[in-house]
Trainee: 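Before I ask anything, let me first share the structure, which is written out below as structure tokens.
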Amino acid sequence: QVQLVESGGGLVQAGGSLRLSCAASGRTFSNYVMGWFRQAPGKEREFVAAIRRSGDSTYYADSVKGRFTISRDNAKNTVYLQMNSLKPEDTAVYYCAAGWDIASTAARYGYWGQGTQVTVSS
């Protein structure tokens, strides 16, 4: 079992920045690929970014490429999502997830946090 707890969400104006954190506990954090997903009201959960176990490779949805950065600190059992140049369409609940393979499909991740709300005002 891996327990995941997100933090860092909030209300920000368009063009602003936020940094989300996801703290993991339980099994060895470095054994897992980590991902960030988001879900806006009335929409399906969508892939945002993922990072390999060692942190040497990262992957992004086209909608956030160049604006968001995923990183991890295996010594702190934490994965981060730095979000810059935020847009109103980035408004959603953001979830971190742990899995075994890099994937953009939510079903490929076995463990999920409770989510943190990000609201971007225009």
Side-chain angles (χ1 to χ4, degrees):
Q1 282 276 20
V2 176
Q3 291 78 43
L4 303 172
V5 179
E6 302 97 334
S7 61
L11 173 64
V12 63
Q13 288 189 333
S17 298
L18 281 174
R19 188 194 197 200
L20 305 184
S21 299
C22 173
S25 60
R27 295 194 175 182
T28 305
F29 177 71
S30 59
N31 287 346
Y32 295 93
V33 165
M34 298 300 296
W36 285 97
F37 288 75
R38 66 186 182 186
Q39 188 166 17
K43 294 189 177 181
E44 293 188 354
R45 193 167 297 190
E46 65 172 358
F47 171 76
V48 175
I51 187 167
R52 290 198 180 276
R53 294 170 178 80
S54 63
D56 60 346
S57 295
T58 56
Y59 306 84
Y60 298 94
D62 288 343
S63 58
V64 306
K65 202 170 294 183
R67 300 188 297 122
F68 290 12
T69 302
I70 187 172
S71 62
R72 67 189 295 163
D73 185 337
N74 287 341
K76 295 183 177 180
N77 292 347
T78 302
V79 61
Y80 304 97
L81 186 68
Q82 178 66 45
M83 306 186 294
N84 298 330
S85 302
L86 283 161
K87 305 175 182 179
E89 51 264 44
D90 294 318
T91 295
V93 177
Y94 283 70
Y95 299 89
C96 71
W100 298 270
D101 301 295
I102 286 289
S104 60
T105 305
R108 297 289 295 275
Y109 292 81
Y111 302 100
W112 293 83
Q114 83 290 347
T116 186
Q117 176 70 46
V118 171
T119 303
V120 184
S121 63
S122 57

Trainee: Checking Arg52 now: which residues fulfil side chain to side chain donor-acceptor pair (under 3.5 Å) with it, not counting sequence neighbours?
Mentor: Tyr59
Trainee: Is there a side-chain contact between Gln117 and Thr91 in this structure, where contact means two heavy atoms from C-beta onward sitting under 4.5 Å apart?
Mentor: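 A side-chain contact exists here, since the closest heavy-atom pair is under 4.5 Å.
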Trainee: Using 0.5 Å steps for rounding, measure from the CG atom of Asn77 to the CD atom of Gln3.
Mentor: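 Rounded to the nearest 0.5 Å, the CG-CD separation comes out at 11.5 Å.
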Trainee: To the nearest 0.5 Å, how far apart are OG1 in Thr58 and NZ in Lys65?
Mentor: 9.5 Å
Trainee: Would you say that Ile70 contacts Val79 through its side chain, given a criterion of any heavy-atom pair below 4.5 Å between the two side chains?
Mentor: yes
Trainee: For the OG atom of Ser122 and the CD atom of Gln13, what is their distance to the nearest 0.5 Å?
Mentor: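 Atom-to-atom, Ser122:OG and Gln13:CD are 9.5 Å apart.
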Trainee: Ser17: what forms a side chain to side chain donor-acceptor pair (under 3.5 Å) with it, not counting sequence neighbours?
Mentor: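 Side chain to side chain donor-acceptor pair (under 3.5 Å) list for Ser17, sorted by chain: Asn84.
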Trainee: Return the set of residues passing ring-ring contact (aromatic ring centres under 6.0 Å, His included) with Tyr60 (not counting sequence neighbours), or none when no residue passes.
Mentor: none
Trainee: Taking a hydrophobic cluster as the set of Ile, Leu, Val, Met, Phe, Trp and Tyr residues connected by side-chain heavy atoms closer than 4.5 Å, whether directly or through intermediates, do Leu11 and Val93 fall within one such cluster?
Mentor: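 Leu11 and Val93: separate clusters.
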Trainee: Might you point out which heavy atoms bring Ser21 and Thr78 nearest each other, and give the distance in Å?
Mentor: CB-CG2, 4.3 Å
Trainee: For the hydrophobic clusters of this structure (ILVMFWY residues joined by side-chain heavy atoms under 4.5 Å, transitively), does one cluster hold both Leu81 and Val12?
Mentor: yes
Trainee: How many angstroms lie between CZ in Arg19 and OG in Ser71, if you round to the nearest 0.5 Å?
Mentor: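 Atom-to-atom, Arg19:CZ and Ser71:OG are 6.0 Å apart.
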Trainee: Looking only at heavy atoms, which two atoms of Val118 and Met83 are closest? And how far apart?
Mentor: CG2-CE, 3.8 Å
Trainee: Given Ser30 and Arg53, is the side chain to side chain contact (heavy atoms under 4.5 Å, CB included) satisfied, shown in steps?
Mentor: CA-CA 5 Å; Ser30 59; Arg53 294 170 178 80; 5.6 Å; no
Trainee: Find out if a path of hydrophobic residues (ILVMFWY) with successive side-chain heavy-atom gaps under 4.5 Å connects Val33 to Val2.
Mentor: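 The answer is no; the residues belong to distinct hydrophobic clusters.
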Trainee: Are Phe37 and Val5 connected in the hydrophobic side-chain network, where two residues link if heavy atoms are under 4.5 Å apart?
Mentor: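 Result: no, two separate clusters.
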Trainee: In the single-linkage hydrophobic clustering (I, L, V, M, F, W, Y; side-chain heavy atoms under 4.5 Å), do Tyr80 and Val64 co-cluster?
Mentor: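 Different clusters.
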Trainee: Sequence neighbours excluded, which residues qualify as side chain to side chain donor-acceptor pair (under 3.5 Å) partners of Ser104?
Mentor: none
Trainee: With heavy-atom distances below 4.5 Å as the criterion, would you say the side chains of Tyr111 and Tyr32 are in contact?
Mentor: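 With C-beta onward as the side chain, the pair touches.
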Trainee: Show the nearest heavy-atom pair for residues Phe47 and Ala103, with the distance to one decimal.
Mentor: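 It is CE1-O, 3.7 Å.
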Trainee: Judged by atom type as modelled, is there a donor-acceptor pair below 3.5 Å linking the side chain of Tyr109 to the main-chain atoms of Trp36?
Mentor: no
Trainee: Give, for atom SG of Cys22 and atom CZ of Phe29, the distance between the pair rounded to the nearest 0.5 Å.
Mentor: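 If we round to the nearest 0.5 Å, Cys22:SG and Phe29:CZ are 7.0 Å apart.
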Trainee: Quick check: closest heavy atoms across Leu86 and Leu18, and the distance to 0.1 Å?
Mentor: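 So the two residues come closest at CD1-N, 3.9 Å.
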Trainee: Under 3.5 Å, side chain of Arg45 to main-chain N/O of Tyr95, donor-acceptor pair present?
Mentor: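 Side chain of Arg45 to backbone of Tyr95: no pair is present.
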Trainee: Using the test salt bridge (Lys or Arg N to Asp or Glu O under 4.0 Å), find all partners of Arg38 that sit at least two apart in sequence or belong to another chain.
Mentor: Glu46, Asp90
Trainee: Quick one: does Glu6's side chain have a donor or acceptor within less than 3.5 Å of a partner on Leu20's backbone?
Mentor: no
Trainee: The criterion is side chain to side chain donor-acceptor pair (under 3.5 Å); which residues satisfy it with Lys43, sequence neighbours excluded?
Mentor: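 Partners of Lys43 by the side chain to side chain donor-acceptor pair (under 3.5 Å) criterion come out as none, since no residue qualifies.
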